[in-house]
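Shown next, in C-alpha cells, is the structure this report addresses.
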Amino acid sequence: MARRRKPRIWFAAALLFGLFTSVARTQPAQVNTIREAFERFWSCWRPPPASRANPIDITVIVSFNRAGEIFGRPRITYESEAATDNDRVQYRIAVMEALQRCTPMPFTESMAGAVAGRPFAVQFHKPKPPPPAIEKRAWLTPKIPKIPKIL
C-alpha cells in the first residue's frame with residue numbers, strides 16, 4: 001500500500017510544480033522604471049529579416065494610459081535616410097508588431113501614474129557590425145632601446 005501512495009505523491013508534486021511554473025511564466029514582471037519599460041520594448045522587437053528589408057534605424061513615439069494600453073496613435077518620427085520605400089514599410093510593420101507584443105505594458109501603480117499620457121520615444125537601431133579583428137604580431141614588433149641624446 002505504501003508503494004501506491006509514493007507515485008501519487010510524486011505525481012501530485014510534479015503537477016503542482018508545473019502549474020506554479022506555468023503561472024509564473026504567463027504573468028509578466030511589472031514595469032517600475034523607465035529603463036525597464038525600454039528593456040521591455042527592445043525584448044519585443046523582431047526586425048524583419050534581411051531578405052525582406054535592409055536594416056535601418058527607426059524611432060516611434062508612443063504614449064500609454066494607466067492600464068498600460070496604447071493611448072492615441074503611435075507616430076514614426078525618424079527613419080534612416082538611405083531606406084527604400086520597401087524598407088520603411090517592413091520596419092513600420094515590425095514596430096507595430098513589437099508594440100502589439102508589449103501591450104498592455106504591466107506598469108506598477110506608481111509607474112502608471114507617472115507615465116500616463118506622456119510620450120516615449122523608442123529608438124530601434126540596426127545591428128552594428130562586429131569590429132574588425134585586429135591581428136597582433138608582437139614577435140614582429142622591433143624592440144629598439146631608447147638612446148639618450150648627447151649634445
Side-chain angles (χ1 to χ4, degrees), residues 1-139 141:
M1 185 104 122
R3 289 185 181 178
R4 285 182 143 179
R5 288 186 184 172
K6 272 190 177 180
R8 287 183 186 171
I9 291 172
W10 283 109
F11 178 72
L15 185 64
L16 284 173
F17 179 74
L19 178 66
F20 286 127
T21 56
S22 67
V23 168
R25 276 183 273 161
T26 59
Q27 292 178 345
Q30 289 197 313
V31 175
N32 193 38
T33 64
I34 300 290
R35 175 177 284 205
E36 290 173 4
F38 281 104
E39 287 173 358
R40 178 69 56 110
F41 284 127
W42 295 321
S43 71
C44 295
W45 174 241
R46 310 276 185 280
S51 62
R52 287 195 345 217
N54 295 317
I56 67 170
D57 294 336
I58 189 166
T59 302
V60 61
I61 293 183
V62 63
S63 299
F64 296 94
N65 62 16
R66 292 181 65 85
E69 298 164 344
I70 295 176
F71 179 67
R73 287 182 18 181
R75 197 176 66 207
I76 304 292
T77 58
Y78 175 79
E79 295 169 317
S80 297
E81 288 181 28
T84 65
D85 288 339
N86 180 55
D87 297 340
R88 293 176 205 280
V89 168
Q90 294 298 322
Y91 270 81
R92 287 178 183 188
I93 291 170
V95 165
M96 295 308 147
E97 288 173 348
L99 292 176
Q100 286 177 347
R101 277 190 287 276
C102 278
T103 55
M105 186 75 69
F107 293 127
T108 60
E109 188 63 32
S110 60
M111 182 69 171
V115 301
R118 300 188 188 270
F120 281 82
V122 186
Q123 300 174 348
F124 298 103
H125 296 287
K126 61 184 170 192
K128 295 181 181 179
I134 298 173
E135 186 178 343
K136 294 184 179 181
R137 297 180 181 189
W139 64 90
T141 307

Item checked: W45 and V95, any side-chain heavy atoms less than 4.5 Å apart -> yes

Margin query: I'd like to know if the side chain of T33 and the backbone of E36 have a donor-acceptor N/O pair within less than 3.5 Å.
Written below: yes

Checklist line | Check against side-chain contact (heavy atoms from CB on, under 4.5 Å), E79 and R92 | finding: CA-CA 9 Å; E79 295 169 317; R92 287 178 183 188; 2.8 Å; yes

Check: Any sub-3.5 Å donor-acceptor pair from N32's side-chain atoms to T108's backbone N or O?
Finding: no

Notebook entry, point to check: Can you check whether T77's main-chain N or O pairs, donor with acceptor, with T59's side chain at less than 3.5 Å?
Noted result: no

Item checked: For R52, all residues meeting salt bridge (charged side-chain N to carboxylate O under 4.0 Å, His left out), sequence neighbours excluded -> none

Next item on the list: Would you give the length of the straight line joining atom CD1 of I56 to atom OH of Y91, rounded to the nearest 0.5 angstrom?
Entry: 6.5 Å

Notebook entry, point to check: What closest approach, in Å, do P106 and A29 show between heavy atoms, and which atom pair accounts for it?
Noted result: CG-O, 3.4 Å

Notebook entry, point to check: Relative to the ring of F120, is the ring of F41 parallel (under 30°), tilted (30 to 60°) or perpendicular (over 60°)?
Noted result: perpendicular

Checklist line | Where N65 and F71 come nearest, the two heavy atoms and their spacing | finding: N-CB, 3.8 Å

Checklist line | Within 6.0 Å of CZ in F124, more than 12 heavy atoms from elsewhere | finding: yes

Check: Under 3.5 Å, side chain of R88 to main-chain N/O of A83, donor-acceptor pair present?
Finding: yes

Next item on the list: Kindly determine whether Q123 and D57 satisfy side-chain contact (heavy atoms from CB on, under 4.5 Å), including the steps that lead there.
Entry: CA-CA 7 Å; Q123 300 174 348; D57 294 336; over 6 Å; no

Item checked: Listed partners of R46 passing side chain to side chain contact (heavy atoms under 4.5 Å, CB included), at least two apart -> R101

Margin query: Minimum heavy-atom separation for A67 and P104, please, with both atom names.
Written below: O-CB, 3.8 Å

Checklist line | Criterion side-chain contact (heavy atoms from CB on, under 4.5 Å) on V115 and I34, from CA distance to verdict | finding: CA-CA 9 Å; V115 301; I34 300 290; 4.0 Å; yes

Item checked: Between CD1 on residue I58 and CD1 on residue I76, distance to nearest 0.5 Å -> 4.0 Å

Next item on the list: Provide the closest heavy-atom pair for P48 versus A53 in the form atom of the first, atom of the second, distance.
Entry: CG-CB, 4.2 Å

Check: Stepwise, does the side-chain contact (heavy atoms from CB on, under 4.5 Å) test hold for T103 with E69?
Finding: CA-CA 6 Å; T103 55; E69 298 164 344; 5.9 Å; no

